[in-house]
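Reading through the structure tokens given below for one structure.
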Amino acid sequence: MPCCRTSDPSEGFRALSQPQRHGSHGRKPWRYVRAIVILLHTLFIGIIFLLDSSLQTQIRQGKWYVISYGVLVLLTLVQYLYTANSSPGYLTDMLRAGSGMHATFINTVTISKQATPKNGSLHSTISPRKIEQQSATPSMLLQMMDLYPPGSSSRDMTCSSCHLIQPPRTKHCHDCDKCVLQFDHHCTWLGTCIGKRNHCRFWWYLFEQATLTVWTAALYVQFLHLDMKESWLKGLTGLIVLVPLILVVIVLLILLMLHTYLALTNQTTYEIARRKRISYLRGVPVKAHPFSKGICRNLYDLCLSRQKGYVLEAVPPLEELEDRARPYTCRDIMCCRCC
């Protein structure tokens, strides 16, 4: 995470009123991506309907499964545009919302901590969870600093590009030129970042897109199996289109499984890929998921939570992380420890 030292947390608050450098350039390279995506959908879907005359007949007859296929195509494109136009949750938006109105921040744990200056070891005790409401002031930035483990340097908290204090799980995206809360990745296909605010929408888009692509590939396979003998040219065209379509299916299914795992464990792609480079995750046990609250709560927070404002998650103390990393016992399984 690119960082620099800041001497005064209020500097980050004052930076909100300053114009962002290159802030409007981040999305320009992706202005034609959506048109290309719609064109590719039209190409792959249109070719199979041109090749297979039986599908054209089924459309005229109003067959329910062909109509269902058309509805799925429409839903996938709508979900794509909905996700592409959604905000991932920018740090500047959170601070502006806090300065204009009362925003709610949930500190998952409040830690009284001591750090030894030599090795930064943790000696933490956990007090009950609490919910605080406050306006975005320099004191709020100080509270964000308290979300980090004891002994953390201000270099690990401050973005060198935005000059803002970053809560844990936040990363500066150089494509959008903004700090993104709970940063997952910058999606070239969508032309936007995936983060705290739109990860659930991204999962639904992957699910719908994977379902549509598998269904389309199945139509090509059906055509090649039944009608290839009638015209070798049509069969060759269908085969040429089917090969890249199968590759797309494989990629989409892998992404869908990955992001399903991330949703169940409350992790991000960036945290998995750069775990050793993120300062507050270096001492976390390998088998521990630092921000997981159980499968049910993770899914609720991802997709069903109606919490207004922004939820900031503190890095749990080392004792709690070591406890999460211990092997499962029969009692853990019966008590649904993972949930």
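One-based numbering along the sequence shown.
Shown here for Val180 and Cys173, the closest heavy-atom pair between the two residues is CG2-CB, 4.2 Å. Shown here for Arg275 and Ala288, the closest heavy-atom pair between the two residues is NH2-O, 3.3 Å. Pro290 and Val284 get closest at one heavy-atom pair: CG-CG1, 3.7 Å. Shortest non-hydrogen contact noted between Tyr280 and Pro168 is OH-C, 3.7 Å. Shown here for Trp189 and Val33, the closest heavy-atom pair between the two residues is O-CG1, 3.0 Å. The nearest pair of heavy atoms linking Phe291 to Ala314 is CE2-O, 3.7 Å.
Ring-plane geometry between His289 and Tyr261 is classed as perpendicular, the angle between the planes exceeding 60 degrees on a 0 to 90 degree scale with a lower cut at 30.
Interatomic distance, CG of Leu242 versus CG of Leu247, reported as 9.5 Å (0.5 Å rounding).
Contact annotation: the side chain of Leu55 approaches that of Gln58 to within less than 4.5 Å [non-hydrogen atoms, C-beta and beyond]. Using a 4.5 Å heavy-atom cutoff, the side chains of His186 and His174 are not in contact. Looking at heavy atoms from C-beta onward, Pro88 lies in side-chain contact with Asn198 at the 4.5 angstrom threshold. The closest side-chain heavy-atom distance from Thr260 to Leu206 is not below 4.5 Å. Side-chain contact between Leu256 and Trp203 is present, with at least one heavy-atom pair separated by less than 4.5 Å. With a 4.5 Å cut-off on side-chain heavy atoms, Leu91 and Leu181 count as touching. For the pair Leu299/Leu264, a side-chain contact is recorded, criterion being any heavy-atom separation below 4.5 Å from C-beta on. Proximity of Arg197 to Asp93: side-chain heavy atoms (C-beta onward) are nowhere separated by under 4.5 Å.
When only modelled atom types and interatomic distance are considered, Lys196 and Gln182 share a side-chain donor-acceptor pair under 3.5 Å. Side-chain contact, Ser292 with Asn298: a donor N or O sits under 3.5 Å from an acceptor N or O. For the residue pair Asn85/Arg34, the side-chain donor-acceptor check at 3.5 Å is satisfied.
Although no hydrogens or angles enter the test, the distance criterion places a donor-acceptor pair under 3.5 Å between the side chain of Tyr220 and the main chain of Phe44. A donor-acceptor pair is defined here as one N or O able to donate and one able to accept, closer than 3.5 Å; no such pair exists between the side chain of Asp52 and the backbone of Ile48. Not one N or O on the side chain of Asp184 forms a donor-acceptor pair closer than 3.5 Å with the backbone of Thr268.
The ring-ring contact (aromatic ring centres under 6.0 Å, His included) check on Phe202 picks up His185, His259, with sequence neighbours excluded. Leu39 is linked by a side-chain contact (heavy atoms from CB on, under 4.5 Å) to nothing, counting only residues two or more places apart in sequence or in another chain. Every residue two or more places apart in sequence or in another chain that forms a side-chain contact (heavy atoms from CB on, under 4.5 Å) with Val249 is listed here: Thr213, Val214, Ala217, Leu253. Not counting sequence neighbours, the partners of Glu271 by the salt bridge (Lys or Arg N to Asp or Glu O under 4.0 Å) test are Arg169. Among residues two or more places apart in sequence or in another chain, the side-chain hydrogen bond (donor to acceptor under 3.5 Å, both in side chains) test is passed with Thr57 by Arg60.
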Legend entry - Test side-chain contact (heavy atoms from CB on, under 4.5 Å) applied to Arg201 and Trp204, step by step: CA-CA 5 Å; Arg201 299 172 189 175; Trp204 280 109; 5.8 Å; no

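Cysteines Cys303 and Cys200 are disulfide-linked, with SG atoms closer than 2.5 angstrom.
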Under 3.5 Å, which donor-acceptor pairs link side chains of residues 65-76 to any protein atom two or more places apart or in another chain?
| unit_1 | atom_1 | unit_2 | atom_2 | d |
| --- | --- | --- | --- | --- |
| Ser68 | OG | Trp64 | O | 2.8 |
| Tyr69 | OH | Thr216 | OG1 | 2.7 |
| Thr76 | OG1 | Leu72 | O | 2.8 |

